[in-house]
Amino acid sequence: MALSDLNPVERNEEGIAAVLGILKQQLGERFQTGQAIRSQHAHTTTYIPTQAPDGVAFPETTAEVQEIVRACAAHRVPVIAFGVGSSLEGHTNAPGGGISVDTSRMNRILAVNPQDLDCTVEPGVTREDLNRHLRDTGLFFPIDPGANASLGGMAATRASGTNAVRYGTMRENVLSLTAVMADGETVTTGKRAKKSSAGYDLTRLLVGSEGTLGIITSLTLKLQGIPQAISGGVCPFPSVEAACNAVIATIQMGIPVARIELVNALQMRAMKNYSKLDYPESPCLFVEFHGSDAGVAEQAETFGMIAEENGGGPFLWTSVAEERTKLWKARHDAYWSSLTLRPGAKGLSTDVSVPISRFAECVMETEADIAEMGLIAPIVGHAGDGNFHVLVLMDVNDPEEIALSEKFVARLNMRAIAMDGTCTGEHGIGQGKIGFLRHELGHGVDIMRTIKQALDPLDIMNPGKILPGN
Ligand SMILES: Cc1cc2nc3c(=O)[nH]c(=O)nc-3n(C[C@H](O)[C@H](O)[C@H](O)COP(=O)(O)OP(=O)(O)OC[C@H]3O[C@@H](n4cnc5c(N)ncnc54)[C@H](O)[C@@H]3O)c2cc1C
């Protein structure tokens, strides 16, 4: 599928002009229409072209979000929610123009309930802000995409990260949320109870909806106790297959690993140079264990034995916080280190996920495809979830390279789907993966469209995303 196949969204010039006037009057300086700020609020993270909105609003309250949505609904103008813009599939683009609703000023932590292990935040709070705020409570919020994303954006993309193998994704960690829907009304999808059988699960309908159903204005999140002990380290393997088999054995044995990340040899080369790591340039697993002192030592030893049985090692692990932090900083900087493999190139970051039993096969076939197609494309993976990322480095001014990269991504997505997996484990559909949704979900796409039409009949909430055109 080529980007030219993406859903076009017709511009409503008259409506846009009317809304620009209304919002300027309502929000004053908190409504901006300068070229630079509009471009910054479209897609900027990959080669997908930037499609800027016509104006950027900075609301501070749910009531202001309601006013913005009502103005847009009255004039049939697109509304695109914006967190920090770190999404990777064109999610924040405005193909038919419209208003970007930047939630960065809605950044209050509304409540922390240590006894209940939950908190309520506004959508513009970032994951790092929240964890800084929680530091003295002995609690933390575990979901950690590589970017310091907003919690609203993370819920909207159903994000995860390195800790998901132990703590789940945003799907498992949002207890309830409040959102402004397309008609300007608010909905609160639940209370703070840990579980509920009360009707349709509106929380999970909105989690992962990428701003196409409503704008999240607050979220109640589950928190975790900071573990008594944390140990972790890096283990090299002779091949990607050996590393993947060690992951499969670790998961299948039920070791409660908190993080288990695959880094292939090319990515390891980038990380060694960029993050000054002293490990061999071979496939490696970055691993972390949470628990009691005795528990983490036992888990590390068992993992070391599994690694050895699969030809890996030595597994050097540590409980020293500074050493662990350096390793995970390097892992979180993988995207930036990859870019140094081809200076001047831009990255196309894509992700797929397969059942863990097919993980080794999927990664190996993908590495073979990268070699056959002559691409420079390192791999990192949230291996415990069967989820991996490929960053294709390309010259965005060369249409042939773009076409080749898109062909590679299409083959990767179809490979994952054929293995009973998904074309995206955590980045979402946005614009970039629209063409693969029907291959994965078939008639499910029609049900999604019915829901979208019922809740947003004017198609103003982030139009042109997720659902394929008719
Ligand atoms: C270096 C790097 C590493 C990354 N690693 C990971 C990773 O490991 N795991 C992972 O899951 N992702 C990863 N990502 C992708 C990205 O960080 C996530 O998709 C993140 O959840 C996006 O949050 P954001 O605040 O940037 O949202 P944005 O990009 O601003 O928005 C994303 C989508 O959510 C919608 N949205 C934003 N706020 C709201 C709201 N309040 N209400 C309704 N809809 C809203 C937008 O309309 C858009 O469709 C990575 C990105 C980068 C650049």
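Both counts, for ligands and for their atoms, begin at 1 and track the order of listing. All residue numbers refer to positions in the sequence shown, counting from 1.
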Check: residues 74-91 side-chain donor-acceptor pairs under 3.5 Å, at least two apart:
residue: His91; atom: ND1; partner: Glu89; partner atom: N; Å: 3.4
residue: His91; atom: NE2; partner: Glu210; partner atom: OE2; Å: 3.4
residue: His91; atom: NE2; partner: His427; partner atom: O; Å: 3.2

Exercise. Name the residues in contact with ligand 1, where contact means a heavy atom under 4.0 Å away: which are they?
Worked result: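 For ligand 1, the residues that come within the 4.0 Å heavy-atom cutoff are Ala81, Phe82, Gly83, Val84, Gly85, Ser86, Ser87, Leu88, His91, Thr92, Thr103, Pro123, Pro145, Gly146, Ala147, Ala149, Ser150, Gly152, Gly153, Met154, Ala156, Thr157, Ala159, Ser160, Gly161, Glu210, Gly211, Gly214, Ile215, Ile216, Tyr335, His382, Glu426, His427, Asn462.
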Exercise. Going by the side chain to side chain donor-acceptor pair (under 3.5 Å) test, which pairs reach into residues 153-166, not counting sequence neighbours?
Worked result: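 Qualifying pairs: Asp144-Thr162, Ser160-Glu426, Thr162-Arg259, Asn163-Arg259.
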Problem set entry | Heavy-atom pair of closest approach, residues Leu221 and Val121 |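 Where Leu221 meets Val121 most closely, the heavy atoms are CD1-CG2, 4.0 Å.
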For this session: Please round to the nearest 0.5 Å and tell me the distance separating atom CD of Glu122 and atom OG1 of Thr178.
Result: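 The CD atom of Glu122 sits 10.5 Å away from the OG1 atom of Thr178.
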For this session: First locate atom OG of Ser150, then atom CG of Leu219, and finally report the distance between them rounded to the nearest 0.5 Å.
Result: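 Going from OG on Ser150 over to CG on Leu219, the span is 8.5 Å.
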Problem set entry | ring-ring contact (aromatic ring centres under 6.0 Å, His included) pairs, two or more places apart, involving residues 149-176 |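 Found Phe140-Tyr167, Tyr167-His290.
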